[in-house]
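Following: one structure in structure tokens, then a few remarks.
Just follow the structure's listing: the first ligand is 1, and inside any ligand the first atom is 1.
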Amino acid sequence: MAVNVPKFKLNDGKEIPAVGLGEALVDPRFPNLSKPEEVTKAVEHAIKEGYRHIDCAWGYGNEKDVGEGIRLSGVPRSEIFITSKLWGTWHSRVEECLDQTLSNLGTDYLDLYLIHWPVPLNPKGNHPVFPLLPDGKRDVDHAWKLADTWKQMEAVLKKGKVRSIGVSNFSQTKLEEILPTAEIIPVVNQLELHIYNPQHKLIEFMKSKNITPQAYSPLGSTNSPLLTDPDVVSIAEQHKLQPADVLLGYLLAKGIVVLPKSVTPSRITANLTGAIRALETLTKVDVERLDGLAAAGKQKRFITPPWPVDLGFEHWPKLL
Ligand SMILES: NC(=O)C1=CN([C@@H]2O[C@H](COP(=O)(O)OP(=O)(O)OC[C@H]3O[C@@H](n4cnc5c(N)ncnc54)[C@H](OP(=O)(O)O)[C@@H]3O)[C@@H](O)[C@H]2O)C=CC1
Ligand SMILES: O=C[C@H](O)[C@@H](O)[C@@H](O)[C@H](O)C(=O)O
């Protein structure tokens, strides 16, 4: 299906389709829950329906299934924007992790490569993905510097293995750990962003550096309360949109790339067309109304892994 997906310009001059398919469908800690064929089918369906941007990660353990879905879609690789992410156990070995990702996906370049979390994990720990200490806490490599991870990200860019580089889950504090020595400014920062977690201050800081925000969990993740929020429902009714359209259109209107996840074919299709319709329909007043919900008492994060380090985010649960 031909859908004209809007594109945003990145700080390196490249363009990114503003709606992408989220692919964190499998939790590597619970392999029995994986449904690889679901991932493949979702990706194939999404591309056939007009998606041209797929968000993957080494840590999701499903890059092979994503690659298969891309091939089955029949759309040439060159027309699809593929993102993947460097997992924590690989911060000191960026090119090795990237090579695995490229081989898993069956491609020789990525459009965008991100540092998944600003948390280097022990590469020689007791688990390849989630190494733990005897006390059960995640085994963080406290000696490794994020600025050195970023140097290695710059190196794989210069080698031509990736076209753009960026970060994910970086607060202003963490961005400031890499920016002073960065030769290349991250093009994006992928964050939990939605009406209940708009992170206005961080977005303003990123704007000052020309770093594009990408929204993960834009619908509020699994069993989301956002879809029944009274303001969202009322705006949806007013414009004859679905609540999911309003949530996605709100972020697009703010220049934020959205990465909705679904394995339900009808929702995959509806999220793309609905997001674009909502972008064309929502007014400045609607956006301002939704912008104010978190500060009015609805602030909430859904994704808060138990990292035993201070990430520097506002509204992060105290785990230390
Ligand atoms: N960088 C990072 O650290 C992170 C990145 N991400 C990325 O962001 C993506 C999206 O985040 P995620 O947490 O999955 O959350 P989303 O906000 O995308 O929500 C996904 C949930 O919403 C449901 N859903 C999808 N569309 C609709 C619809 N139109 N109406 C009602 N329900 C709907 C899905 O169900 P169903 O599938 O059954 O249709 C699923 O349960 C991930 O897949 C991943 O790519 C996510 C978390 C962290
Ligand atoms: O991208 C998705 C998320 O970051 C996910 O990979 C993490 O939240 C992970 O489950 C964790 O527990 O650290």
Side-chain angles (χ1 to χ4, degrees), residues 19-30 33 35 38-39 41-43 45-46 51 53-63 66 82-89 112-119 121 127 129-132 137-140 166-170 188-197 213-229 232-233 236 241-249 251 256-275 277-278 300-309 311 313 319:
V19 183
L21 182 73
E23 266 320 310
L25 307 179
V26 178
D27 188 325
R29 284 162 301 171
F30 308 109
L33 295 182
K35 292 185 198 142
E38 215 171 51
V39 177
K41 273 197 197 131
V43 171
H45 176 79
Y51 283 75
H53 173 179
I54 312 289
D55 183 74
C56 324
W58 182 93
Y60 302 159
N62 61 7
E63 289 173 321
V66 172
I82 307 180
T83 302
S84 195
K85 314 188 191 87
L86 173 86
W87 187 247
T89 41
L112 176 60
Y113 198 40
L114 308 179
I115 302 179
H116 202 145
W117 287 90
V119 188
L121 294 170
H127 190 274
V129 187
F130 289 105
L132 299 177
K137 284 195 181 147
R138 293 183 177 191
D139 188 356
V140 173
V167 296
S168 174
N169 295 302
F170 273 53
V188 308
N189 186 10
Q190 186 180 121
L191 299 163
E192 179 175 339
L193 290 170
H194 46 70
I195 53 168
Y196 288 1
N197 191 43
Q214 286 191 310
Y216 73 68
S217 308
L219 302 171
S221 211
T222 315
N223 300 323
S224 173
L226 276 55
L227 294 160
T228 49
D229 179 277
V232 172
V233 171
L241 294 165
Q242 294 303 312
D245 306 341
V246 172
L247 296 172
L248 298 173
L251 293 161
I256 300 175
V257 174
V258 292
L259 304 168
K261 170 261 167 183
S262 177
V263 289
T264 315
S266 56
R267 286 176 175 171
I268 292 174
T269 306
N271 287 345
L272 180 65
T273 52
R277 207 164 346 109
K300 191 166 172 50
R301 275 182 183 270
F302 299 99
I303 310 290
T304 54
W307 300 114
V309 290
L311 296 179
F313 280 124
L319 300 167

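- For Q214 (side chain) and V257 (main-chain N/O), no donor-acceptor pair under 3.5 Å exists by modelled atom type.
- Residues Y51 and I268 come closest through the heavy atom pair OH-O, 2.6 Å.
- Atoms of ligand 1 found under 4.0 Å from any heavy atom of H116, numbered from 1 in the order shown, are 1 (N), 2 (C), 3 (O).
- With Y216, Y60, W58 as candidates, the residue nearest to atom 2 (C) of ligand 2 on a non-hydrogen basis is Y60.
- Set against the non-hydrogen atoms of T264, the atoms of ligand 1 under 4.0 Å away are 36 (P), 38 (O), 39 (O).
- Evaluated by nearest non-hydrogen atom to atom 20 (C) of ligand 1, the leading choice among H194, Q214, E192, K261 is K261.
- Looking at D245, its side chain never comes within 3.5 Å of a backbone N or O of L241 through a donor-acceptor pair.
- Taking a cut-off of under 4.0 Å to the non-hydrogen atoms of S168, the atoms of ligand 1 that pass are 1 (N), 2 (C).
- Of all the listed residues (Q242, Q190, E38), Q190 holds the heavy atom that lies closest to atom 5 (C) of ligand 1.
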(request) Would you sort out whether L193 and Y216 count as a side-chain contact (heavy atoms from CB on, under 4.5 Å), showing the intermediate values? (result) CA-CA 6 Å; L193 290 170; Y216 73 68; over 6 Å; no
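- Within the set C56, P305, S221, the minimum heavy-atom distance to atom 8 (O) of ligand 2 is found for P305.
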(request) Show your working on side-chain contact (heavy atoms from CB on, under 4.5 Å) between V232 and L227 and close with a plain yes or no. (result) CA-CA 7 Å; V232 172; L227 294 160; over 6 Å; no
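- For the pair T264 (side chain) and S266 (backbone), a donor-acceptor distance under 3.5 Å is absent.
- Considering backbone and side-chain N/O atoms, K85 never comes within less than 3.5 Å of an N/O atom of ligand 1.
- Taking 4.5 Å as the limit, every side-chain heavy atom of E192 sits out of range of all side-chain heavy atoms of P218.
- Ring-plane geometry between H116 and Y60 is classed as perpendicular, the angle between the planes exceeding 60 degrees on a 0 to 90 degree scale with a lower cut at 30.
- Under 4.0 angstrom from ligand 1, there are no non-hydrogen atoms of N223.
- Remark: D55 engages K85 in a salt bridge (Lys or Arg N to Asp or Glu O under 4.0 Å) (not counting sequence neighbours).
- In this structure, K85 does not count as a contact residue of ligand 2, since none of its heavy atoms falls inside 4.0 Å of the ligand.
- Proximity of W117 to ligand 2, defined as any heavy-atom pair under 4.0 Å, is confined to the side chain (atoms from C-beta onward).
- Residue contacts with ligand 1 for W117 involve side-chain atoms from C-beta outward but no N, CA, C or O (heavy atoms, distance under 4.0 Å).
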(request) Test side-chain contact (heavy atoms from CB on, under 4.5 Å) on L121 and V140 and set out the steps. (result) CA-CA 4 Å; L121 294 170; V140 173; 4.3 Å; yes
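- Using modelled atom types, one side-chain atom of S224 and one backbone atom of L219 make a donor-acceptor pair closer than 3.5 Å.
- A270 does not count as a contact of ligand 1, since none of its heavy atoms falls under 4.0 Å from the ligand.
- Inclusion of R267 in the set of residues having an N or O under 3.5 Å from an N or O of ligand 1 is warranted.
- The nearest pair of heavy atoms linking V129 to T89 is O-CG2, 4.1 Å.
- If you check each of P265, G274, S217 against atom 11 (O) of ligand 1, the one with the closest non-hydrogen atom is S217.
- Taking the six-membered ring for Trp and thresholds of 30 and 60 degrees, W117 and W307 have ring planes inclined between 30 and 60 degrees apart.
- If you look at P218 next to ligand 1, the close heavy atoms, those under 4.0 Å, come from the backbone and the side chain alike.
- Which parts of ligand 1 touch S221 is read off a 4.0 Å heavy-atom cut-off, strictly below it: atoms 12 (P), 13 (O), 15 (O), 16 (P), 17 (O), 19 (O), 21 (C), 22 (O).
- In this structure, the separation between NE2 on H53 and CG on L21 is 9.5 Å, given to the nearest 0.5 Å.
- By the 3.5 Å distance cut-off applied to N or O atoms, P260 is not counted among the residues near ligand 1.
- Considering backbone and side-chain N/O atoms, W87 never comes within less than 3.5 Å of an N/O atom of ligand 2.
- Ligand 1 has no nitrogen or oxygen under 3.5 angstrom from a nitrogen or oxygen of I303.
- Residue R138 touches ligand 2 through its side chain alone, judged by heavy-atom distances below 4.0 Å.
- For ligand 1, the atoms lying closer than 4.0 Å to a non-hydrogen atom of L259 are 8 (O), 9 (C), 10 (C).
- Geometrically, ligand 1 and L227 share no nitrogen or oxygen pair separated by less than 3.5 Å.
- Summarising the contacts of atom 48 (C) of ligand 1 with Y216, F302, Y60, the nearest heavy atom is found in Y216.
- Atoms of ligand 1 found under 4.0 Å from any heavy atom of G22 (numbered from 1 in listed order, with element): 9 (C), 42 (C), 43 (O), 45 (O).
- Applying the side chain to side chain contact (heavy atoms under 4.5 Å, CB included) rule to P265 yields the partners H45; only residues at least two apart in sequence or on another chain are considered.
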